[in-house]
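Input: a single structure, listed below in C-alpha cells.
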Amino acid sequence: KKKKKLPYLRALFGDVKFVSGDLLTCQRKAENHLVRQLLEGLGVKPFSNPREVIQSHILPTFRTDQWKEKERKVIVSYLLYIFYESKREKSILRDGLRDDLKDCVVFATNHGLIPLKENRIHFCEEFLSSPVFNFEKNFPELNSLSVDSMYAKLADDDKDVRGSLKIFLRRLGIERSEER
C-alpha cells in the first residue's frame with residue numbers, strides 16, 4: 001500500500017520543502033541553533049507533525065488563490081496526504097479542522113481544479129460500486145462535475161483503501177451520482 005501512495009506524495013514533497021530531522025539535531029546546541037537560523041533564512045518552516053503541514057501550508061493554499069498556481073497532481077497530493085494522515089491518526093481532523101477544510105477545499109475534477117464550496121461535485125464512475133447511468137457520457141452538455149479518476153486510481157484494486165477514500169471524500173462534501 002505504501003508503494004501506491006508515494007508517487008502521489010512526491011508532488012507534496014516537491015511543493016513543501018522537507019528536510020531530514022537529523023539535520024536539525026547537531027551534537028552541539030550552538031551548531032543546532034546556527035543550522036536552524038540558516039534554514040529559516042532559506043524559508044524552511046519547522047513542521048513537527050502532519051496537522052501543522054495541513055494548517056500552515058495546505059489550508060492557506062486552498063483559502064487563497066495560490067491553488068490556481070499549483071499543478072493538478074499537487075492538489076491531489078494535498079488531499080491524499082490528509083487522507084492517509086487522518087487514517088493513521090484519527091484526531092488530525094478534529095477540533096474544527098474538517099470544517100475548515102470543507103470550507104476551502106479544492107478538488108481536481110473532470111473540468112479542472114474546482115473549489116467545492118461553489119460547486120456540486122460527484123463521485124467519478126471509478127468510485128461507484130454498481131453501474132449507474134453515466135450522465136457525463138450520455139449528456140455531455142450538462143457539464144456535470146465529478147472528482148478526477150486520479151483519486152480512485154490511488155486505490156487500484158484495494159477495495160478497503162478505495163472504500164475509506166470514498167468515505168473521506170464524502171465527508172468533505174463529494175456527492176453520490178444518484179443525489180443529482
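Values reported hereafter were calculated over all heavy atoms of this structure, with side chains retained and with hydrogens, waters and symmetry mates removed.
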Value for CD1 (I75) from CG (L12), rounded to nearest 0.5 Å, stands at 10.5 Å
Please assess L169 against F107 for the test side chain to side chain contact (heavy atoms under 4.5 Å, CB included), listing each intermediate value before the final yes or no.
CA-CA 10 Å; L169 295 175; F107 281 97; 3.5 Å; yes
Indicate yes or no for a side-chain donor-acceptor contact from N119 to the backbone of I121 under 3.5 Å, with no hydrogens or angles considered.
no
Find the distance between CD1 (I82) and OG (S77) and round it off to the nearest 0.5 Å.
9.5 Å
With sequence neighbours left out, what residues match D148 under side-chain hydrogen bond (donor to acceptor under 3.5 Å, both in side chains)?
R72
Can you name the one residue among E71, R10, H57 that meets side-chain contact (heavy atoms from CB on, under 4.5 Å) with D15?
H57
L34 with L39, same ILVMFWY side-chain cluster at under 4.5 Å:
no
Rounded to the nearest 0.5 Å, what's the gap from CD1 on I174 to NE2 on H122? Could you check?
9.0 Å
In Å, rounded to the nearest 0.5 Å, how long is the span from CG of L80 to NZ of K87?
12.5 Å
To the nearest 0.5 angstrom, please state how far the OG atom of S56 sits from the CZ atom of R51.
10.5 Å
Side-chain donor-acceptor contacts of residues 90-106 below 3.5 Å, not counting sequence neighbours, with atom names and distances?
| from | atom 1 | to | atom 2 | distance (Å) |
| --- | --- | --- | --- | --- |
| S91 | OG | E89 | OE2 | 3.1 |

What verdict does the side chain to side chain contact (heavy atoms under 4.5 Å, CB included) test give for Y78 and W67, after you've listed the backbone C-alpha separation in whole Å, the side-chain angles of each residue and the deciding distance to 0.1 Å?
CA-CA 11 Å; Y78 284 176; W67 62 267; over 6 Å; no
Evaluate the side chain to side chain contact (heavy atoms under 4.5 Å, CB included) criterion for residues V161 and Y84: first the C-alpha distance (whole Å), next the side-chain angles of each, then the deciding distance (0.1 Å), finally the verdict.
CA-CA 10 Å; V161 172; Y84 273 108; 4.1 Å; yes
Atom OG1 in T61, atom CD1 in I54: separation rounded to 0.5 Å?
12.5 Å
What one should report as the nearest heavy-atom pair of A152 and C124 is CB-SG, 4.4 Å
Can a cation-pi geometry be assigned to K166 and F123, taking NZ or CZ under 6.0 Å from the six-membered ring centre and within 45° of the ring axis?
yes
For Y151 and F83, I'd like to know if the aromatic rings sit close, meaning centre-to-centre distance below 6.0 Å.
no
Any chain of hydrophobic side-chain contacts (each under 4.5 Å) joining I167 to L79?
no
